[in-house]
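For reference, the structure is listed below as structure tokens.
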Amino acid sequence: MEASAALATAEDRVVEEAAATLERRHQAHHHAVSPEERRRNVRDLFELVVQCVHEGRTEPIIASSQQIAANRFEAGFGIAEIQGTFNVLEEVLWRHVASTFADDQRIEALGLMNTILGRGKMRWPEPM
């Protein structure tokens with residue numbers, strides 16, 4: 001099965017697991033993001049990852065990451081909040097990919113996913 005198709009079929013499960021993890025982590029910090037907004041943010045990021053995997057390029061996540069980070073920074077969110085979404089989604093995707101693919105396909109999918117998420121993280125604006 002192609003990597004983007006395998007990811008797309010797991011969208012709801014991956015998004016729910018990542019959103020629930022973020023919710024547990026952020027309850028202690030009293031962030032103003034609603035669970036629905038957090039789930040939407042995770043889903044948007046997940047869809048970007050799937051798009052990049054399907055297209056085999058990182059440009060979509062680079063452009064979107066810059067805009068996401070700028071919007072959230074303007075809304076008062078710190079870099080840790082943004083990074084947390086990327087990191088949790090990456091953790092959940094790692095588990096999914098590791099359990100879905102075998103051998104060389106697993107290594108290729110994990111490498112591509114890491115590259116995509118890493119390139120997205122590199123495009124955050126620097127604090128002033």
Side-chain angles (χ1 to χ4, degrees):
M1 176 183 278
E2 189 220 4
S4 63
L7 290 175
T9 61
E11 178 175 357
D12 289 338
R13 182 169 42 97
V14 169
V15 168
E16 289 303 316
E17 184 178 339
T21 300
L22 284 167
E23 184 66 24
R24 285 189 303 275
R25 289 183 183 179
H26 292 287
Q27 282 178 345
H29 297 90
H30 307 292
H31 290 278
V33 177
S34 71
E36 295 78 22
E37 184 177 354
R38 189 170 285 118
R39 189 173 291 107
R40 186 174 51 251
N41 292 340
V42 171
R43 187 172 304 278
D44 290 346
L45 183 57
F46 176 86
E47 289 171 355
L48 278 170
V49 171
V50 172
Q51 177 185 352
C52 290
V53 168
H54 179 73
E55 295 176 6
R57 58 192 194 100
T58 59
E59 287 78 8
I61 202 165
I62 291 169
S64 292
S65 289
Q66 289 175 319
Q67 190 60 51
I68 289 167
N71 291 345
R72 292 194 185 147
F73 183 76
E74 288 175 19
F77 293 97
I79 194 76
E81 177 84 19
I82 301 164
Q83 188 175 25
T85 302
F86 271 78
N87 291 343
V88 167
L89 181 60
E90 187 172 27
E91 291 170 20
V92 173
L93 284 171
W94 259 85
R95 287 191 299 271
H96 174 72
V97 168
S99 68
T100 301
F101 298 103
D103 303 324
D104 290 343
Q105 194 176 20
R106 177 186 306 136
I107 293 167
E108 182 180 335
L110 290 172
L112 184 56
M113 202 180 59
N114 284 341
T115 299
I116 290 165
L117 287 164
R119 292 291 308 258
K121 288 181 200 180
M122 288 174 38
R123 301 304 178 190
W124 297 335
E126 292 294 322
M128 301 213 165

Measure the spacing between CG of Asn87 and CG of Leu117 and express it to the nearest 0.5 Å.
9.0 Å
From Leu112 atom CG to Asn114 atom CG, the distance as rounded to the nearest 0.5 Å
9.0 Å
To the nearest 0.5 Å, what is the distance between CZ on Arg38 and CZ on Arg43?
15.0 Å
Would the number of heavy atoms belonging to other residues, nucleotides or ligands and lying under 6.0 Å from NE2 of His96 be above 12?
yes
Please name the pair of heavy atoms, one in Thr100 and one in Ala6, separated by the smallest distance, quoted to 0.1 Å.
CG2-CB, 4.2 Å
Between Ile61 and Ile116, the two heavy atoms sitting closest are CG2-O, 3.5 Å
Is atom CD of Glu16 surrounded by more than 12 heavy atoms (other residues, nucleotides or ligands) closer than 6.0 Å?
yes
Between the side chain of Arg106 and the main-chain N/O of Phe101, is any donor-acceptor distance below 3.5 Å?
yes
Distance from Cys52 atom SG to Glu59 atom CD, nearest 0.5 Å?
8.0 Å
May I ask whether Ile107 and Leu7 are part of the same hydrophobic cluster, defined by side-chain heavy atoms of I, L, V, M, F, W, Y residues being less than 4.5 angstrom apart, directly or through others?
no
Does Ile62 offer a backbone N or O that forms a donor-acceptor pair with the side chain of Ser65 under 3.5 Å?
no
Run Val92 and Val15 through side chain to side chain contact (heavy atoms under 4.5 Å, CB included) and show every step you take.
CA-CA 9 Å; Val92 173; Val15 168; over 6 Å; no
Within the structure provided, determine whether Leu110 and Leu93 are in side-chain contact (heavy-atom separation under 4.5 Å).
no
Only one of Arg24, Glu17, Glu23 clears side chain to side chain donor-acceptor pair (under 3.5 Å) with Thr21; which?
Arg24
Here the pair of heavy atoms bringing Leu48 nearest to Pro60 is CD2-O, 3.8 Å
So, for Ala3 and Val53, which heavy atoms are closest and what is the spacing to 0.1 Å?
CB-CG1, 3.7 Å
One should read off an interatomic distance between Thr85 OG1 and Asp44 CG, to the nearest 0.5 angstrom, of 10.5 Å
Below 4.5 Å, heavy atoms only, C-beta onward: do Val50 and Glu11 meet side chain to side chain?
no
Rounded to the nearest 0.5 Å, what's the gap from CD on Glu90 to NZ on Lys121? Could you check?
4.5 Å
